[in-house]
Every structure is written in C-alpha cells, then in structure tokens.
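Below: the structure, in structure tokens.
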Amino acid sequence: MLYVKKMKDKNNTWKEIFGITGRDASRLARELAERVYSPGLRGIDLLNRCREVMALGCEAYAQARRSVSLQKAIEVSQQERSGRRARTLYEISNVCRRLLSAFPDLADTPLRKISAEQCQEMLQAVFSTDLQYNKARVVLHAVFACGMRRGWCDSNPVDALPRPVLHESEVEPLPWSDLKNLLRMATREPHRCCMPAVGLMLWAGVRPAELLRLTWEDIDTQEKVITLRPRHSKTGGCRHITLHPVLLAWLRKGSGRLQDMSGRICPPNWLRRWKALRRAAGICRWQQDVLRHTFASYHLKHWHDLPRLQEEMGHRSARLLRTRYLSMKGITSRHAKQFWTPGHLG
C-alpha cells in the first residue's frame, strides 16, 4: 500500500522504484500499444492484448536466457551417451576432464556465453596434434549439441571451428615372409589357442578391440557369415563379413568341430599370448591393425571389388580405404591367390 500511495503522490516515484520516470513509462506503454494495435481493438481489449504480449515476451526472454554451466552441460551430455562402449566413454570423459583442468574458470561459465574463439583456444591449448584436436572437437561439439536440444544455448560455436586436414600415413601389409612365419607358429603349441583370433583378424579384417568381444555364436558356418553386432563394433553399427573358405578351413584346423564351440573367440590372457606368438614368429616391430590392413590389400588385389570391401570393413566411405589401407607394396597376383586359397599359408 505504501508503494501505491507514493506512486499517486509523487510524479518521480517511478524513477525511485524502477530507475525510469513516469513519462518514460508512458512512452513505453504507447510504443507497446502501437505495436499490438489492430483496427477495432480499443480500450480494455487493447489493454488486455498488451498484457498478453508482455507475458509472452517475458516468458520468451526468460527461456532465451536460461542456461547451465559448461561443467553441467558436459555431465548431461555424458549421461545421454551412457549406453556407449566403455572405451568410448573413457575417451569422452578424458577429453572433457583435460579441457576443464586446463580452463577451470570456464567450468562455471554459462554455456550460452561461451564463444567459438574460446572453444578454439581450449582445443588448441590442450591438444597438440591434428588427430587429437579433431577427436576433442567432436566431443565438444556433442556437448553444445546437447545444450541446444535442451534450450541452454541457441547455436553451436564449435561449428565455426575449422577442421584440420588429416594426412593419413600409409600402413603396409605384413610382409609375405612374416605372414608365413606367424601362421606357422600359430599352429604349434603353446600358440594353437590363438589360431581362431589370428584368422579372424587376417581373413575377415576384424579389429583387435572388436575381436575381444566376439563369440563363437557370432560365426554362422551355415550362412558363411560373421556378424559384428552394434555393441561389438567400433562404429556402433552392425556389419556382416563373409566367412571365406580359407578362414573356415583355418578355424576348423584350430578348433575342430565349430558347431560345438561356445564362449569368446580369444583365449584367456589373450594379449599376453598374442604378444608371445608374434615374438616366437620373429616379428619385433608390430603396427597396430596391420592384419586388418593386410586383409584389405589382399582382398582388393584378388577380387578388385572396392564397394564389397568397404562394406565388409565397415567404412562409411571409400576415402579411408584409398588413403590409408590399400597398399599393394610387395603383393603379387600369385601371392594374393595363395592368400585366399585354403592350405597354402598354414
């Protein structure tokens, strides 16, 4: 009641309470009425329209200003992706932890107020190589995408950041002599239990990380297909790989009756056994995924079918195959034929 009385008694009460004069308030009211006026709308109807517009405008303004801190947005983004593989979740968490550790002041900054320049500064300061930068860029982009879906920001500042061009280094296939030594040693004790895993990497192009999750139930000898389920594959999608006769013969040689097999493909203590097998074969320097690269190179050399190879490798495009996987160095047509013929290598 005191405010009402003072507003009636003094012309400058508006200024005392809100910091504006009564004349300014009247001008604002007139501008609002002019904006919402339409023919036939007068008196109480015009007043009600102004009130409705003000209420909607206040709500829209509050919604537009609603946001959360960068740290909170990261936590929610990680919760949204909780169904991903453990390795993927670890990599996402590691990127976010490093960013927040390097820029602790940004942890409590509202997501809406973080600019593209700040995002670029964070990524460039923490991640030194183009490959690391690109991976971290994808993670940070997902955080802002999550914020946009929840109304915490209006745009994704990471969209404005340039993507460094990655120059993939060529990985050569395993030399023919090393390949023969590896398979020969795999048929001997105590390495014989590694035969199925080695065969799947070499003649099906299965990634080492995918191999750890593969079971005998994923190998269909009737349909001649190997199934990599979404929870097993690196990309999160299902793919089918042809069970070639050479691989089927190799699996039977190492495991006998395949229909009686169950459980995981890899034997216990797989990583230690796999390293011991390579050492026994005299291979001192080992490149990650070299058997997958060997599979791709011999596949194309023998069948000349890039779309089929792309499908079995699980690649979205053939670009990575052309730039990184397909090395024909040291591969002859005769060796390629022997590679896919049962019994010629081991």
Side-chain angles (χ1 to χ4, degrees), residues 1-84 92 95-96 99-100 103-124 136-163 236:
M1 295 298 295
L2 178 61
Y3 274 176
V4 173
K5 183 177 180 180
K6 290 179 69 177
M7 290 170 66
K8 289 181 178 179
D9 292 345
K10 296 182 180 180
N11 186 47
N12 66 344
T13 303
W14 276 94
K15 189 171 184 179
E16 292 177 5
I17 300 175
F18 301 109
I20 61 175
T21 65
R23 180 177 297 177
D24 290 335
S26 299
R27 186 179 294 112
L28 287 174
R30 182 179 181 85
E31 290 176 2
L32 175 62
E34 289 174 348
R35 283 178 175 272
V36 302
Y37 174 77
S38 60
L41 193 66
R42 301 178 64 85
I44 190 64
D45 292 332
L46 178 59
L47 183 62
N48 289 336
R49 173 70 63 83
C50 289
R51 287 171 175 162
E52 181 182 0
V53 170
M54 285 191 295
L56 292 173
C58 290
E59 182 179 350
Y61 180 81
Q63 179 69 16
R65 304 306 300 172
R66 188 168 67 93
S67 190
V68 298
S69 67
L70 174 62
Q71 184 166 2
K72 177 64 177 179
I74 286 175
E75 293 172 359
V76 174
S77 175
Q78 290 177 328
Q79 291 172 3
E80 286 187 349
R81 291 179 284 182
S82 59
R84 304 289 294 273
I92 293 173
V95 167
C96 295
L99 289 174
L100 292 179
F103 293 85
D105 294 341
L106 283 178
D108 295 326
T109 303
L111 200 65
R112 191 181 301 278
K113 293 186 177 182
I114 298 177
S115 66
E117 291 76 15
Q118 289 173 305
C119 291
Q120 187 167 24
E121 181 185 359
M122 282 193 293
L123 294 175
Q124 289 179 339
R137 183 186 182 281
V138 170
V139 172
L140 193 58
H141 186 279
V143 172
F144 282 94
C146 170
M148 289 181 64
R149 290 193 297 271
R150 294 173 178 265
W152 297 335
C153 58
D154 300 320
S155 61
N156 194 326
V158 183
D159 281 332
L161 304 188
R163 293 185 178 91

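None of these values were measured; they are calculated from a predicted model. Every heavy atom of this structure was used, including side-chain atoms; hydrogens, water molecules and symmetry mates were not.
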Inset, instruction - Could you tell me the separation between the NZ atom of K113 and the CG atom of L106, rounded to the nearest 0.5 Å? - result: 12.5 Å

Inset, instruction - Work out which heavy atom in N156 is nearest to a heavy atom in A145; give both atom names and the distance. - result: ND2-N, 3.5 Å

Legend entry - SG-CD distance between C146 and Q78, expressed to the nearest 0.5 angstrom: 10.5 Å

Legend entry - E34 and R30 ion-paired at < 4.0 Å: yes

Legend entry - Atom pair CG/NE2 of L123 and H141 - distance to nearest 0.5 Å: 12.0 Å

Inset, instruction - Please answer whether the main-chain N or O of C50 pairs with a side-chain N or O of R35 as donor and acceptor at a distance below 3.5 Å. - result: no

Inset, instruction - Give a yes-or-no answer on whether the side chains of S77 and R81 include a donor-acceptor pair shorter than 3.5 Å. - result: yes

Legend entry - Backbone N/O of L161 and side chain of R137: donor-acceptor pair under 3.5 Å: yes

Inset, instruction - Starting at CZ of R49, measure out to CG of L41 and round the result to the nearest 0.5 Å. - result: 5.0 Å

Legend entry - Separation between CG of L47 and CD of E52, rounded to the nearest 0.5 Å: 12.0 Å

Inset, instruction - Give the minimum heavy-atom separation between M148 and S155, together with the two atoms involved. - result: SD-C, 3.5 Å

Legend entry - Interatomic distance, F103 atom CZ to Q118 atom CD [nearest 0.5 angstrom]: 9.5 Å

Legend entry - For the student: nearest non-hydrogen atoms of A116 and P157, plus distance: CB-O, 3.4 Å

Legend entry - Criterion side chain to side chain contact (heavy atoms under 4.5 Å, CB included) against C96, the qualifying member of V139, L70, L140: V139

